[in-house]
Structure formats: C-alpha cells, structure tokens
There are 2 protein chains.
Amino acid sequence: MTAGPHSPHTLMIRKLESIFRLSDEEKQALQGLPVQLQVLRADQDIVRVGDRPSQCCLLVEGYTCLYKLTTEGKRQIVAFQVPGDMPDLQSLHLKVLDNSLATVTPCTVAFIQHEDLRRICARYSRITAALWRETLVDASVFREWVLNVGRREAFSRMAHLLCEFRVRLKAVELAEGDTFDLPFTQGELADAIGTSNVHVNRVLRELRTKGLIRSKGIQVTIPDWEKLKEAAGFDPLYLHLEQDRAA
Amino acid sequence: MTAGPHSPHTLMIRKLESIFRLSDEEKQALQGLPVQLQVLRADQDIVRVGDRPSQCCLLVEGYTCLYKLTTEGKRQIVAFQVPGDMPDLQSLHLKVLDNSLATVTPCTVAFIQHEDLRRICARYSRITAALWRETLVDASVFREWVLNVGRREAFSRMAHLLCEFRVRLKAVELAEGDTFDLPFTQGELADAIGTSNVHVNRVLRELRTKGLIRSKGIQVTIPDWEKLKEAAGFDPLYLHLEQDRAA
DNA sequence: CGTCACGTTGAACTCGCTCAAAACGGGTGG
DNA sequence: CCACCCGTTTTGAGCGAGTTCAACGTGACG
C-alpha cells in the first residue's frame, strides 16, 4: 500500500518538479536546506491559532489536518494534508496563524526555518513561484470545500472527500489501484464535511450499500471510480495536478 | 458613504503599503504598470471556470464575487471582493481557473497582464512577497468560510458575513461609522452562506428584530458592534489586516 | 477480562428547504 | 403622471435532511 517514506528533500523536490523541471543549482539549493525531523503521535497539535511560528513544516509521513473552532467549540477541519504537503507554508508571510494544525495519524514532519526558505526564495525566483503556487492550490482546495460544505448534501460531500483523498494519494503514490487507506475516525470525517458523526456513519453505510465503496478496517476500495465521481460531482480540476499535460 | 474611486495604481500601492513601506523605486515600478480599465454591468461574468487568462484584474469600484457551481447547478459564492482586491491573482500561477468571477454590482476593473506582473515580481522580491501575501489572506478567508458554512447555523453565518463585510469596507474606507452599503440580493447572500434565499429573509428579519442590525434599502447599520460580533462568533484575526500593530 | 474509544442503530426532534402566493418597488413606456 | 411589469422581498405551510440523545455492539489493548 505504501511506497515507504522519502526524505523531506526528495519529497519537496519531487513536488516542485511536478510543475516545472528544476535546474541542478535549484535542486542543490533545496537539498542544502536545513531541516529538523520530528516524529509525532496521533492527535497532537503541531501549531495553534494565534501562534507566530518562525518555521514551517513539511509532512513526511502520516496525515495531518488544519482545523478551526467556533466560539462554542465546534470543530471544522478545513483541509487534510498528505506526505509532501506543507500545511503551514502560509506562515511564511502571515505572522499570526489563523488556524491550528494537528496530526491525525502518527506523523513524521520536517521543520524548516522561515529564514532559510526566505533566503532560497530571494535567490531563486522559480522556487518562489513554485512555493507560491503550492499555497494557491491549497486555496483552490479551500474554495472547493466551501462549495462542498455549502451546497452538497452529506452523501455527496462524503463521496467528494473520498474522491479528493484518493486522487491526492495517487499523486504521491500512496494509493494502489482502487484501494487506499482512510485512517480517520468517523468523528474526524464529520468535522471535515460539516455533519455529525452519527450521520457520517449512515452516509458511509449508504455508500457501501449502493456499491460505491467497499471497506475493510481503514482500507477503502472504490469499485467504480466513474460512479463515485458522479455521486460526488467531483472534478479534479481544482487540485491543479497536471499543469500542462492537457495543453 | 463612499470615498470616491481611486486610480488602480493608488489602490494597489495603498494595499501593499498596509503591509510594509514601499521604496520610491518600488512605487514607481507599480505606477508604471500598464492597466486597461473597463466598466462592467452588474451580474456579468469576468472570467469563468476553465478559462486560461493571460491577465488578472484589480477591482477599482463596485463589488465582485468568486463562485462555483455543483454539477446540479447549485451556486456557492466562495468570496466577495471590495475595491483594491485582486480577485483572480491566483491565475498568475494556476493556468486554469477553477472558479468563476462575476460582478455583483456595476464595476470598474483594471486588467493587468500577467507578463507585466511577472516582470515586476522578478525584479522586486518584496512586491512578490506582498502579492503572495494577498493570496494567502484570500486563502485564510476561504478557511473561515469553510468553518462558517460547515459549523455555524444560518443566523450566525449571516451575522458573520456582515461582520466580515463591514471590517473589510472599513479597511478601504467605504464604510462610515456603523453604516455601510450591502448591495446584494437575498439570493446572493444565500449563495454566500449556503442557505436558501427564503431562509436568508427570515434570518435577516431575526437579526433586525433582535436589534443586531437596522436596514434601509441597501444600507445596513450595526447599532451594537460587540453584540453582532458575539452573535457571529467573529474574530477579525483571519483577515490579517493589522500586520504588526499588535506586536 | 475489563476498559475505553469508536462504530452502529433507533427515535424524537429541529433547522432549514421547497413550493406557493402575495406584497413591494423601481424602472419603462404610453 | 399613471399603468404596467418584472425582479425581489416577504410570509405561510408542509416536508425532509440531518441533529441530538441514548443505548448497544465491537475490537484493540493493557
């Protein structure tokens, strides 16, 4: 199921290279980036609302989520991250964090100092552009989530989340064929699609009985991709994965 | 009510200067940016999903919105823009648009060629950082909207939208005191907070009867700002308006 | 073998939707 | 200046998706 963890530098270079080829010099600069690896347990906050971090992190292994809380304490997950993602890259230019970042599963993360990133950005404008682009893709995903939560009913919402997750896992080679791991509790899924955990349970059952998914433990299988996409109203455009392959 | 329209260059410089002081050279570079002004009617698409624009636009006067549609045709507005905003700045690095941009009121917009922006970014890294930051603030607003639509009930959602709009208008001096214009139909408000227009009507009435807002035509007055903020669970942090004034 | 977190199911309830009709208001043409 | 028109706002009534509360099942783990 898993392609095994890569080094943080490899992950980052691979991701940026999915946009355009990096020069050897650019690659070397990235390779030289000092990082501090850290292993974290599940359900641990990495940074919190109001923090003013001097570093940002690169997810190497495991899954994290960004979340926000209402004043009454209701939680909304606004994004999940998969290995290779930089969940709080925004903190490079926004001093105060407006959301919290937490592990969902046990994780390995690599911390990179802002000043080191800034130094590289100052020198290599194409790396700046690539990192900027990453944050723009994140923003695009947020927009889709607003649509998902605002205008789809729970059934499609869940289907949509599954579609997104599958596509993103495939992109980092963490999904094989039509099967992948979904290591989230139903409560976490509920916080992501803006429903109650009870209803998540019912929606998952409906997805199962309609043959749109099969599941065994945390493993999910999608027997008919087209059918699930249709149920979700899923169009991968918003993930901006294939820069110019269509052109 | 209105401070009158500014030139596109003034708007842009003023906005970027709210983060850090620009040098004279940087200001001159921005002043020299070629722009093409255009006046648009209300309810007109400026760019659409799937477009591959070679320019992006700066809103000079009026209000626009970003929106997405589900496959069944339900519309979700994912953001409003006020004068000074660059609604599709994302297109600078994302080739294909994943949302549409439309005027809500009659608008004046200034189109700026991507190549011109890129030239300036290549030369002035602080302008790059400031523009990048703008897109990060946009992303922060999307995150808050996911929370708003996902975890608040309609009443608070509407209150929250009003709070956001008021704060953002104040920032560009388009709100005086506790009164501002809300030139949206209830249908548009419904698409923004993910409810039906009928329910928007009822929620607005409730806000009125509870004394949280007063309204006359498109003018909205907020008699008790703290009370509305509380009803909304509104914390302006996510708008990232005051970079370091708190520090 | 008990415990604890998570998953599952039922039942009552509620927020918000849909459908439908009526009132309003601002612009246009006569 | 009036009459008309059309989009918008407002209100009512019935309905439905999803919530809350509560109970029970299940599997992992000490």
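By convention in this document, chain letters (A, B, ...) are assigned in the order of the sequence lines, proteins followed by strands, and residues within each chain are numbered from 1. Bear in mind that the values here come from a model prediction, so they are computed numbers and not experimental data.
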Rounded to whole Å, how long is the line connecting atom [atom1] of [X] with atom [atom2] of [N]?
X: B/M158; N: C/dG16; atom1: CE; atom2: P; result: 12 Å
X: B/H199; N: D/dC15; atom1: NE2; atom2: C1'; result: 15 Å
X: B/N197; N: C/dA21; atom1: CG; atom2: P; result: 17 Å
X: B/F155; N: C/dT14; atom1: CZ; atom2: P; result: 19 Å
X: B/D43; N: D/dC6; atom1: CG; atom2: C1'; result: 14 Å
X: A/Q186; N: D/dT20; atom1: CD; atom2: P; result: 16 Å
X: B/N201; N: C/dA22; atom1: CG; atom2: P; result: 17 Å
X: A/D191; N: C/dC6; atom1: CG; atom2: C1'; result: 14 Å

Side chain of [X] (C-beta onward), nearest among [options]:
X: B/V198; options: C/dC19, C/dT8, D/dT9; result: C/dC19
X: A/E153; options: D/dA17, D/dT9, D/dT19; result: D/dA17
X: A/T195; options: D/dC21, D/dT19, D/dT10; result: D/dT19

Gap between atom CG of B/L94 and atom OH of A/Y238 - 0.5 Å precision: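 Answer for the OH-CG pair, A/Y238 versus B/L94, is 14.0 Å.
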
From A/F234 atom CZ to A/L239 atom CG, the distance as rounded to the nearest 0.5 Å: 5.0 Å

Sugar-phosphate only, base, or nothing, as touched by A/T185 at under 4.0 Å among non-hydrogen atoms: sugar-phosphate

Touch class at under 4.0 angstrom, heavy-atom based, for A/R202 against every strand present: base

Every protein N/O within reach of nucleotides 23-28 of chain D N/O, cut-off under 3.5 Å:
none

Aromatic ring pairing B/F165/B/F80, orientation class (parallel under 30°, perpendicular over 60°, tilted between):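 If you compare the ring of B/F165 with that of B/F80, the planes turn out perpendicular.
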
Min side-chain heavy-atom separation A/I222-A/K227 under 4.5 Å: no

Minimum side-chain heavy-atom gap A/D88-A/C57 below 4.5 Å: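 Yes, close enough: below the 4.5 Å cut-off.
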
Any side-chain donor near an acceptor of the partner, B/D45 and B/Y67, under 3.5 Å: yes

Side-chain donor or acceptor of A/T185 paired with backbone N/O of A/E188 under 3.5 Å: yes

